[in-house]
Asks: 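Mind looking over this structure? Questions follow.
Numbers for residues simply follow the sequence, beginning at 1. In what follows, every heavy atom counts, from backbone to side chain, and hydrogens, waters and symmetry copies are set aside.
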Amino acid sequence: MADAERTQRGLWIAQAIAVAVPAALLGGAYVSQYVFELYPCEMCWWQRYPHFAAIVLAMLSLFVAPKRLWVSLAGIAIIISGLIGGFHAGVEYGWWEGITQCATVIEPGQDPMEAILNAPLVRCDSAPWDLFGVSLAGYNFLISCGAGLAVLWFALKRG
């Protein structure tokens with residue numbers, strides 16, 4: 001395989017990772033929220049925003065030059081989400097102070113006062129779920145940082 005073909009294949013792999021991983025993580029977050037009623041706290045929302053940006057940037061890389069720039073920015077956005085997740089996990093594990101205010105969930109069209117009075121309180125400093133001692137924020141840290149670094153590696157390698 002020629003160097004140009006390898007470079008193009010690496011870029012394609014980077015684009016695929018930059019779309020698939022944030023989409024899967026956001027899908028998991030929404031399934032957790034709407035199926036299993038694990039409502040997000042404020043820091044959980046912060047982790048979602050860079051994933052949305054990563055998907056947009058990765059999709060842009062499919063159609064707009066320079067592709068390497070757009071997919072690299074998507075990789076950086078994925079890493080940012082992971083770093084926010086790492087910070088959030090540290091707050092959940094009690095390693096450092098973070099935002100400890102509670103948040104409520106208000107659905108569109110719902111009376112705000114009724115929503116506030118009846119909504120579950122969601123704390124940023126306690127993990128509502130974990131697997132093998134790792135919270136959802138911890139998994140976001142691990143998966144997003146790994147995927148973001150993979151995106152950057154495939155996007156920036158030559159030949």
Asks: Val21 and Ala147: which non-hydrogen atoms are nearest, and at how many Å?
Replies: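 Nearest heavy atoms, Val21 then Ala147: CG1-CB, 3.7 Å.
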Asks: Would the number of heavy atoms belonging to other residues, nucleotides or ligands and lying under 6.0 Å from CH2 of Trp12 be above 12?
Replies: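 No, not enclosed.
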Asks: Determine whether Leu131 and Tyr139 make a side-chain contact, defined as any pair of heavy atoms from C-beta on separated by less than 4.5 Å.
Replies: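 The answer is yes; the side chains approach within 4.5 Å.
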Asks: Heavy atoms, side chains only, cut-off 4.5 Å: are Val19 and Gln15 in contact?
Replies: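 When only atoms from C-beta onward are counted, Gln15 and Val19 do not touch, as no gap falls below 4.5 Å.
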Asks: Return the minimal non-hydrogen interatomic distance between Tyr93 and Val134, and the atom names on each side.
Replies: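 Shortest heavy-atom contact: OH-CA, 3.3 Å.
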Asks: What's the shortest heavy-atom distance between Trp45 and Gln33, and which atoms?
Replies: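 For Trp45 and Gln33, the tightest heavy-atom pair comes out as CZ2-OE1, 4.3 Å.
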Asks: Taking atom NE2 of His51 and atom CD1 of Ile80, what is their separation to the nearest 0.5 Å?
Replies: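 Between atom NE2 of His51 and atom CD1 of Ile80 there are 11.0 Å.
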Asks: Taking C-beta and beyond as the side chain, do Pro40 and Arg48 meet within less than 4.5 Å on heavy atoms?
Replies: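 Contact flag for Pro40/Arg48 side chains = yes.
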Asks: Over all heavy atoms of both residues, which pair between Pro50 and Ala77 is shortest? Give the atoms and the distance, please.
Replies: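 In terms of heavy atoms, the two residues are closest at CB-O, 3.2 Å.
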Asks: Have Asn140 and His88 got a donor and an acceptor in their side chains that come within less than 3.5 Å?
Replies: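 The criterion, which ignores hydrogens and geometry beyond distance, is not satisfied for His88 and Asn140.
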Asks: Let me see the working for Ile78 and Leu25 under side chain to side chain contact (heavy atoms under 4.5 Å, CB included), right down to the final yes or no.
Replies: CA-CA 10 Å; Ile78 295 167; Leu25 290 173; 6.0 Å; no
Asks: Sort out for me which residue in Val71, Leu11, Ile17 forms a side chain to side chain contact (heavy atoms under 4.5 Å, CB included) with Phe154.
Replies: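 The residue from Val71, Leu11, Ile17 that satisfies side chain to side chain contact (heavy atoms under 4.5 Å, CB included) with Phe154 turns out to be Ile17.
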Asks: Out of curiosity, Phe141 CZ to Ile79 CD1, how far, rounded to the nearest 0.5 Å?
Replies: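 Going from the CZ atom of Phe141 to the CD1 atom of Ile79 covers 10.5 Å.
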Asks: Does Leu152 offer a backbone N or O that forms a donor-acceptor pair with the side chain of Ser72 under 3.5 Å?
Replies: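 No, because the side chain of Ser72 does not come within donor-acceptor range (under 3.5 Å) of the backbone of Leu152.
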Asks: So, for Ala89 and Ala137, which heavy atoms are closest and what is the spacing to 0.1 Å?
Replies: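 So the two residues come closest at N-CB, 3.8 Å.
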Asks: Would you call the rings of Tyr34 and Tyr30 parallel, tilted or perpendicular, taking 30° and 60° as the class edges?
Replies: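 Parallel: the ring planes of Tyr34 and Tyr30 meet at under 30°.
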Asks: Is the backbone N or O of Gly10 less than 3.5 Å from a side-chain atom of Trp153, with the two atoms forming a donor-acceptor pair by type?
Replies: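 No, the answer is negative, given that no donor and acceptor are paired below the 3.5 Å cut-off.
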Asks: Any chance you could measure Lys67, atom NZ, to Leu62, atom CG, to the nearest 0.5 Å?
Replies: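 Separation between the atoms: 6.5 Å.
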Asks: If every non-hydrogen atom of Arg68 is compared with every non-hydrogen atom of Lys157, which pair is closest and at what distance?
Replies: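 For Arg68 versus Lys157, the nearest heavy atoms are NH1-O, 3.7 Å.
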Asks: Between Leu57 and Ile76, is any pair of side-chain heavy atoms under 4.5 Å apart?
Replies: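 Of all side-chain heavy-atom pairs linking Ile76 with Leu57, none is under 4.5 Å.
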